There are 2 protein chains.
Amino acid sequence: MAKRDAGAQGSLRLGVDRNSPVPLYFQLAQQLEKAIETGGLTPGSLLGNEIELAGRLGLSRPTVRQAIQSLVDKGLLVRRRGIGTQVVHSQVRRPLALTSLYDDLAAAGQRPATRVLRNDIEPAGPRVAAALGIAEDAEVAVVERLRLTHGEPMARLTNYLPAGLLELKTAELEESGLYQLLRRAGITLHSARQAVGARAATAAEATELAEAPGGPLLTMERTAFDDTGRAVEFGSHIYRASRYTFEFQLLDRS
Amino acid sequence: MAKRDAGAQGSLRLGVDRNSPVPLYFQLAQQLEKAIETGGLTPGSLLGNEIELAGRLGLSRPTVRQAIQSLVDKGLLVRRRGIGTQVVHSQVRRPLALTSLYDDLAAAGQRPATRVLRNDIEPAGPRVAAALGIAEDAEVAVVERLRLTHGEPMARLTNYLPAGLLELKTAELEESGLYQLLRRAGITLHSARQAVGARAATAAEATELAEAPGGPLLTMERTAFDDTGRAVEFGSHIYRASRYTFEFQLLDRS
DNA sequence: CAGGTCACGTTGTCCTGACAATTGACACGG
DNA sequence: CCGTGTCAATTGTCAGGACAACGTGACCTG
């Protein structure tokens, strides 16, 4: 009699290029992820045991495990001891972490427009200083932007960055997102602390966003840190609740 | 001349119990995490190289790496090739994922009160069926609750669960959070999909929450899945914006 | 003194091998 | 018919070693 079925992938073509500088486990992870996305691996299907998979690919088991683990961390796979590893029954799959509004909109196929209202340098002041962990009289770059889609205002973004970190040109800010500019300057974001709330629009805000006075606004404050733990950016943003909602996926932190 | 300083922890007492059923890497990870929390390992300090650490503890390098990696995933440590592993310059440290409002409040030291407004069974209907991935005429348990703190309304929670999953007793719902009851029933949450928005309060909602009509409300919809990918719960909640904000931390998903 | 070069230390990747723990399926006995 | 024990399959954990890639700092050179 045959061994237990080694999974539903069957003739899924997998293979690694040992001459590539890309790590083997990463190559495998990418191929598996692609197979899941394209439907080559259907939700609920077993992945075939690690030993056999390693043998078939000419890899060692730890390498295969590392690839699988990275997908488990992404929430694409679930491991079950004694059973096997299976593709999670995805309903929706949206990671959405540490991206800016611009990235989100661009990914959705919309081409957002930006109007820079202000691009200055000024002393931080108590609130910004506390958020960025700097002195109150330290200088920060202040950027105020209005984000529009389909010609309609969508959000009003206010950002504070430690001065000297990066030169922000107004023209660049109208062309791409703030986070893109940061990455381009060699700053890699590592983590961020966010707070999302709501409040009624003031008269000035209502005018600016073409919303009714007293209408509901979604507020978001975020402080972003790079991998040294240094605060890189503090933003205080308001969104028209009628045109925007935050969507994200949570994974258990066990 | 001496070797490069093996890190700032120096006389930090670490050790594992090989007779414990707790995995070695987990023991080490816990001790390191505790040392970071209590200040035994100060932010920015090096952790000492993995080889030496492994030798000192009588462990192999992969085991030590696994422990360190788990803390890197949590955002507590940062690895730098050629440099070493250092404690992240923590500003704030808040995981906050996949918890219920009750959990959050309880963790904050408040003792929330719950008033169960409804606890019924009914057909799902199109909206709930789509969220849970079941048939429209399938029966679901419907729970409506009012959450109060300090005697004041805070949120109105509406939850839908597939019928037969769990017996929800009104008395239990007033005593603990829904997610606690799920865990107690052996259901382990794996992931959730959330959407956070805002809107103005209707007259009925304003009365119920003791808020001004038309006042800003924070809305949250969440579908939670267990580790088989089965939808376990769909919730549609409203919070008084004046009394609640969502706070959470993001880590880069590289 | 400035700039490039090289040695060194550290983490990244990968291999082989072994045993433990957990789950599900099946045969067996009550 | 049902409970129970046994067994096989699979992932979980751990060891020990080897080489590669990368960043730093010291050294050498111009």
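Letters go in sequence order (proteins before strands), and every chain restarts at 1. Atom set for the values below is all heavy atoms of this structure, side chains included, hydrogens, waters and symmetry mates excluded. Because the structure is predicted, anything quoted here is derived from the model rather than measured.
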Q: Would you mind classifying the nucleic acid contact of B:Pro62 as base, sugar-phosphate or nothing, using non-hydrogen atoms under 4.0 angstrom?
A: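 Counting heavy atoms under 4.0 Å across all strands, the contact made by B:Pro62 includes a base.
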
Q: Given D:dA15, is OP1 or OP2 found less than 4.0 Å from the side-chain N or O atoms of B:Thr63?
A: yes

Q: Output the single nucleotide from D:dC14, D:dT11, C:dT16 whose closest atom is nearest the side chain of B:Ser60.
A: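 The answer is D:dC14.
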
Q: Base, sugar-phosphate or nothing for B:Gly55? Non-hydrogen atoms, less than 4.0 Å.
A: nothing

Q: Over how many whole Å does the gap from A:Gln27 atom CD to C:dT13 atom C1' extend?
A: 12 Å

Q: Between C1' on D:dA15 and CG on B:Leu57, what's the gap in Å once rounded to a whole number?
A: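 Rounded to the whole Å, the gap is 15 Å.
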
Q: Among D:dT11, D:dG16, C:dG12, find the nucleotide with the atom closest to the side chain of B:Arg65.
A: C:dG12

Q: Kindly give the heavy-atom pair with the smallest separation between B:Pro43 and B:Val88, and that separation in Å.
A: CB-O, 3.7 Å

Q: Considering just the side-chain nitrogens and oxygens of A:Thr85, establish if one lies under 4.0 Å of OP1 or OP2 belonging to D:dT11.
A: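 Yes.
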
Q: From the list C:dG12, D:dG12, C:dT16, which nucleotide is the closest neighbour of the side chain of A:Arg81?
A: D:dG12

Q: Between the side chains of A:Glu33 and A:Lys74, is the shortest nitrogen-to-carboxylate-oxygen separation below 4.0 Å, so that they form an ion pair?
A: yes

Q: Examine D:dG23: is either OP1 or OP2 under 4.0 Å from a nitrogen or oxygen in the side chain of B:Arg79? Give yes or no.
A: no

Q: Between the base of C:dG24 and the side chain of A:Arg80, is there a donor and acceptor pair under 3.5 angstrom?
A: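 Such a pair does not exist between side chain and base.
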
Q: To the nearest 0.5 Å, how far apart are CZ in A:Arg145 and CG in A:Leu157?
A: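 That separation rounds to 5.0 Å.
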
Q: Please identify which of these residues, A:Leu181, A:Leu182, A:Val142, meets the side-chain contact (heavy atoms from CB on, under 4.5 Å) condition with A:Leu168.
A: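 Per the side-chain contact (heavy atoms from CB on, under 4.5 Å) rule, the option paired with A:Leu168 is A:Leu181, out of A:Leu181, A:Leu182, A:Val142.
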
Q: Starting from C1' on C:dG12, measure out to CD1 on B:Ile68 and report it in whole angstrom.
A: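 Those two atoms, CD1 and C1', are 13 Å apart.
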
Q: Tell me the interatomic distance from A:Leu53, atom CG, to D:dA9, atom P, rounded to whole angstroms.
A: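 Whole-Å distance recorded here is 18 Å.
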
Q: Taking only the side-chain heavy atoms of A:Asn49 (C-beta and beyond), determine which of D:dT11, D:dA15, C:dT16 contains the nearest atom.
A: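 Comparing D:dT11, D:dA15, C:dT16 against the side chain of A:Asn49, the answer is D:dT11.
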
Q: Between atom CD in B:Glu50 and atom C1' in D:dC22, what is the gap in whole Å?
A: 14 Å

Q: Between P on D:dC14 and CD on A:Gln69, what's the gap in Å once rounded to a whole number?
A: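 Checked: the CD to P distance equals 14 Å.
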
Q: Report yes if a side-chain nitrogen or oxygen of A:Tyr25 is closer than 4.0 Å to either non-bridging phosphate oxygen (OP1 or OP2) of C:dC14; otherwise report no.
A: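 Checking C:dC14 against A:Tyr25, no side-chain N or O comes under 4.0 Å of OP1 or OP2.
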
Q: Is it true that A:Glu50 and A:Arg79 have a side-chain N and a carboxylate O under 4.0 angstrom from each other?
A: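 A:Arg79 and A:Glu50: salt-bridged.
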
Q: Starting the side chain at C-beta, find the nucleotide from C:dC14, D:dA15, D:dT10 nearest to A:Leu24.
A: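 Closest of the options to the side chain of A:Leu24: C:dC14.
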
Q: Find the distance B:Ile83:CD1 to C:dG12:P and express it as a whole number of Å.
A: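 In whole Å, C:dG12 P and B:Ile83 CD1 are 12 Å from each other.
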
Q: Can you tell me how far P of C:dT11 sits from CD of B:Glu52, to the nearest Å?
A: 10 Å

